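Here's the structure we're looking at; comments come further down.
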Number of protein chains: 4
Amino acid sequence: MGEDGRHRRAREMREERTKQILAAGLQIFAEQGYHRASVADICGRAEVARGTFYLYYPSKRDLFDAVMDALIRDLERGIRRVDVSPGAAPPLEQLKQNMLWLLSLPRARPEMLQVLLWEAVGVDDVSDRKLASLHHRMFELTRRSLETGQALGLVRPSDTDVTARAVVGAVKELLLSLRVRGDLPQEDLAHLADELLAFATRGLLSV
Amino acid sequence: MGEDGRHRRAREMREERTKQILAAGLQIFAEQGYHRASVADICGRAEVARGTFYLYYPSKRDLFDAVMDALIRDLERGIRRVDVSPGAAPPLEQLKQNMLWLLSLPRARPEMLQVLLWEAVGVDDVSDRKLASLHHRMFELTRRSLETGQALGLVRPSDTDVTARAVVGAVKELLLSLRVRGDLPQEDLAHLADELLAFATRGLLSV
Amino acid sequence: MGEDGRHRRAREMREERTKQILAAGLQIFAEQGYHRASVADICGRAEVARGTFYLYYPSKRDLFDAVMDALIRDLERGIRRVDVSPGAAPPLEQLKQNMLWLLSLPRARPEMLQVLLWEAVGVDDVSDRKLASLHHRMFELTRRSLETGQALGLVRPSDTDVTARAVVGAVKELLLSLRVRGDLPQEDLAHLADELLAFATRGLLSV
Amino acid sequence: MGEDGRHRRAREMREERTKQILAAGLQIFAEQGYHRASVADICGRAEVARGTFYLYYPSKRDLFDAVMDALIRDLERGIRRVDVSPGAAPPLEQLKQNMLWLLSLPRARPEMLQVLLWEAVGVDDVSDRKLASLHHRMFELTRRSLETGQALGLVRPSDTDVTARAVVGAVKELLLSLRVRGDLPQEDLAHLADELLAFATRGLLSV
DNA sequence: GATGAATGAGACTTCATTCAT
DNA sequence: AATGAATGAAGTCTCATTCAT
């Protein structure tokens with residue numbers, strides 16, 4: 001139908017614009033943080049007028065929510081739950097894959113980490129809850145993995161509530177420290193992952 | 001003599017007020033973060049007029065700096081460098097003492113952690129630099145301890161650049177997660193410290 | 001074409017608003033002086049919101065500069081340098097024309113004189129420099145005219161540094177005194193000009 | 001009486017302090033103008049506490065009034081009315097004396113001129129009225145002198161309303177221009193006075 | 001009387017959001 | 001749908017004046 005085609009076209013353009021503003025928001029929020037970023041900045045980057053902005057997002061706050069939601073979705077999409085079914089790759093190998101993917105983020109998606117690990121922190125209650133919730137899922141994923149490992153006899157008995165947090169914290173910290181050093185060669189990522197896994201699996205003590 | 005006394009009195013009162021406003025700022029910043037906290041809020045908490053505020057701090061920004069400086073000073077004061085001279089307590093014991101002290105902070109100084117680990121993040125370049133600097137010192141402290149441990153044969157060979165970050169991250173994460181649960185019994189702290197140390201020293205794998 | 005028209009229209013409206021606020025500023029500054037005039041007053045007179053003001057002028061100070069610049073431009077535009085080329089009107093006649101134009105200002109542009117001769121005095125260093133500069137140009141114009149007159153043998157020898165100032169001062173004073181009497185008939189202006197010129201040319205003494 | 005002595009002493013000290021603050025006010029107002037001068041500045045110069053200020057003057061505004069009043073009194077005290085009684089010095093000589101005294105002011109009392117000719121201009125309605133009133137007395141003095149001169153046949157017929165203003169303006173202008181050049185030798189004053197009187201008596205034209 | 005810390009009204013300015021075109 | 005000029009609430013900071021000591 002002509003009607004349908006026109007409608008579809010309109011919808012597609014609308015989605016296009018929505019994404020365009022979202023992308024601009026991501027960039028600006030990553031560069032300046034929520035408070036220093038002005039709606040004018042974002043419109044400038046998105047190359048739309050200030051009024052247009054409000055046709056697509058009800059407020060600066062809502063755009064920030066959308067940016068966070070998109071980042072969180074992308075982040076969680078990349079993480080593979082460890083598969084312990086018979087025939088799957090060894091759990092440690094799977095872990096390392098996850099680790100490598102995470103460690104690739106500072107290079108591949110620097111603004112993602114800049115926003116999720118830094119600029120979104122303490123913005124307001126809503127964003128804090130979003131972060132807490134993301135964090136909680138990462139933590140639970142880790143904790144359940146550890147418990148599975150314990151059930152399989154791979155992981156020594158421990159308070160997974162504590163150790164899962166320690167693991168999550170170690171990873172976050174490494175990502176945070178990579179966030180600043182702009183460029184690091186791919187080979188190093190493997191080294192980092194190895195070191196991190198060695199630390200997590202065998203600890204620091206010799207023998 | 002009388003002159004001296006009057007001067008001393010005046011100075012003391014000035015210091016008192018300075019601290020009073022600092023304390024109010026700490027509370028308000030911890031509760032609301034830098035951006036949502038208004039000078040009026042802080043004055044309300046400190047029970048002084050708005051003009052009074054500016055007799056003691058040149059601006060809201062400067063008060064925030066002072067708050068951060070005080071917190072960082074308190075934090076670093078509490079951390080004891082591990083003493084490896086003969087006759088000192090065993091290094092792990094010393095580490096555990098540090099850990100226990102840190103883990104007591106969510107209870108003893110909840111606003112300290114709220115500000116240093118959360119609200120000060122991403123406020124502006126100055127506060128970010130302060131945090132980065134604090135963080136760097138913590139990291140270096142840890143890294144040097146690990147290197148000392150390696151030299152003594154206690155710590156297995158590893159890239160201390162990575163492992164030190166992992167350790168710092170694990171501790172930060174635990175503090176961050178304790179920050180929200182207001183009340184936790186003293187005995188648990190020892191358990192947490194033990195678990196954390198066990199994780200860091202022996203890793204996760206069984207055997 | 002349509003693009004051009006829209007742009008031109010927008011530019012015109014912008015210039016209109018700029019002038020509208022400039023005019024309001026002139027009125028308010030003339031009525032109240034720089035310090036008692038608030039941005040709110042000016043916006044009230046211009047019938048725009050406070051925020052609108054800052055779309056057109058970066059600050060109250062800048063508006064005052066713009067007001068002064070416009071007044072100074074208008075003032076200097078009205079003054080004709082005396083033409084001594086052969087065939088030109090007699091110098092005294094030309095002087096009288098200038099004088100008449102100046103003397104018309106209290107009626108035609110009362111706020112101009114109110115601001116330039118009164119309210120801008122002592123506002124701050126920038127405005128003082130602007131006034132000094134205007135004043136200097138008036139003085140030099142007068143001094144050079146006197147020197148030309150001396151070269152032509154029309155003006156008696158004298159220290160033109162002194163006499164030029166005296167002339168400028170006499171004119172300023174007359175303008176200042178006319179500033180308050182709102183209404184005076186046009187014919188009087190000719191009388192004033194005649195008296196002033198008679199004073200300046202022949203002095204006070206009889207014979 | 002002891003009582004009397006104590007009271008007198010107290011009164012004298014009060015007057016002393018009053019003058020001390022007045023002097024500080026004069027200096028600060030001359031340096032910075034009314035609006036930029038803060039009560040704190042004045043107290044600093046007077047070496048009294050801020051509270052003390054208000055024991056002697058009800059407000060900054062009132063101090064400014066007092067400063068102006070003192071300056072105006074000093075100024076008018078120095079001006080001698082031309083004495084036309086038989087046996088008195090020739091009127092022009094008396095005029096020159098007045099002129100010389102006025103021209104000595106930029107050196108002798110620079111702050112007086114700075115305040116009366118510049119900083120007090122446009123401060124507010126009260127100070128404007130004071131200036132207008134001073135000005136009016138100077139004008140009337142001049143006008144009556146001219147009329148006396150006309151009655152004696154010394155001064156040519158003219159609209160004294162205009163010429164008196166011209167004379168006052170010329171003098172003011174010269175004072176204003178001297179205000180800035182800090183140092184000029186005493187002999188020059190005579191020259192200036194001569195030039196000014198020559199201008200006023202004989203005008204500019206040759207023959 | 002002297003002090004100076006405290007007060008709070010008031011000014012300027014920013015910027016998220018609205019609205020007429 | 002798109003524009004961008006206009007809006008005005010809200011926030012920071014200054015400084016003349018008051019008041020407890």
Side-chain angles (χ1 to χ4, degrees), chain A residues 10 13-14 17 34-44 46-64, chain B residues 6-7 9-10 13-14 16-18 21 35-43 46-63, chain C residues 6-7 9-10 13-14 16-18 21 35-43 46-63, chain D residues 10 13-14 17 34-44 47-63:
Chain A
M13 282 190 62
R14 180 166 181 83
R17 266 278 208 265
Y34 178 78
H35 289 287
R36 267 173 307 176
S38 71
V39 173
D41 291 335
I42 295 163
C43 292
E47 296 183 327
V48 299
R50 288 254 273 298
T52 308
F53 176 93
Y54 289 90
L55 295 176
Y56 294 89
Y57 292 93
S59 73
K60 175 183 166 185
R61 200 62 243 319
D62 285 85
L63 172 63
F64 192 64
Chain B
R6 215 189 303 159
H7 276 168
R9 186 72 201 285
M13 285 191 63
R14 178 163 184 84
E16 192 127 349
R17 266 280 203 264
T18 307
I21 294 174
H35 289 288
R36 267 173 309 171
S38 75
V39 173
D41 291 335
I42 296 163
C43 291
E47 296 184 323
V48 298
R50 287 240 277 298
T52 307
F53 177 92
Y54 291 92
L55 293 178
Y56 293 89
Y57 294 93
S59 72
K60 174 181 160 185
R61 195 63 204 48
D62 285 83
L63 173 62
Chain C
R6 213 188 304 157
H7 276 169
R9 184 72 201 284
M13 285 191 62
R14 181 167 180 81
E16 193 128 348
R17 264 278 203 267
T18 308
I21 294 174
H35 289 288
R36 266 172 309 171
S38 76
V39 173
D41 292 334
I42 295 164
C43 292
E47 295 186 324
V48 297
R50 286 241 277 298
T52 306
F53 177 92
Y54 290 93
L55 293 178
Y56 293 89
Y57 293 93
S59 72
K60 174 182 161 186
R61 196 64 203 46
D62 284 83
L63 173 62
Chain D
M13 283 189 63
R14 181 165 179 84
R17 267 276 208 267
Y34 179 77
H35 290 287
R36 270 173 306 176
S38 74
V39 173
D41 291 334
I42 295 164
C43 292
E47 297 183 324
V48 299
R50 288 254 273 297
T52 308
F53 177 93
Y54 288 89
L55 296 175
Y56 293 88
Y57 293 94
S59 75
K60 177 183 165 185
R61 199 61 242 320
D62 285 86
L63 172 63

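No experiment lies behind these values; they were computed from the predicted model shown. In what follows, every chain begins at residue 1, and chains take the letters A, B, ... in the order their sequences are listed.
- With sequence neighbours excluded, the residues that form a side chain to side chain donor-acceptor pair (under 3.5 Å) with B:S38 are B:D41.
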Please encode protein proximity along nucleotides 10-15 of chain F as a string of B, S and -, counting only heavy-atom distances under 4.0 Å. B-BBBB
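- Residue contacts for A:Y57: at a heavy-atom cut-off of 4.0 Å it reaches no nucleic acid atom on any strand shown.
- For B:R14, there are no side chain to side chain donor-acceptor pair (under 3.5 Å) partners at least two apart in sequence or on another chain.
- Not a single donor-acceptor pair under 3.5 Å links the side chain of C:K60 to the backbone N or O of C:I42.
- Every residue two or more places apart in sequence or in another chain was checked for a side chain to side chain donor-acceptor pair (under 3.5 Å) with B:R50, and none qualifies.
- Under the ring pair (Phe, Tyr, Trp, His ring centres under 6.0 Å) criterion, D:F53 pairs with no residue, sequence neighbours left out.
- The shortest side-chain heavy-atom distance between B:T18 and B:Y57 falls under the 4.5 Å cut-off.
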Can you give the dot-bracket line for DNA chain F, where a pair is Watson-Crick or G-U wobble with both atom distances under 3.5 Å, crossing pairs use [ ], and | marks a partner on another strand? .||||||||||||||||||||
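- Taking the salt bridge (Lys or Arg N to Asp or Glu O under 4.0 Å) definition, one finds that A:R61 meets it with A:D65, A:D124, sequence neighbours left out.
- Residue-level contact check: C:R14 touches neither bases nor backbone, having no heavy atom under 4.0 Å from any strand.
- With sequence neighbours excluded, the residues forming a side chain to side chain donor-acceptor pair (under 3.5 Å) with C:S59 are C:D62, listed by chain and number.
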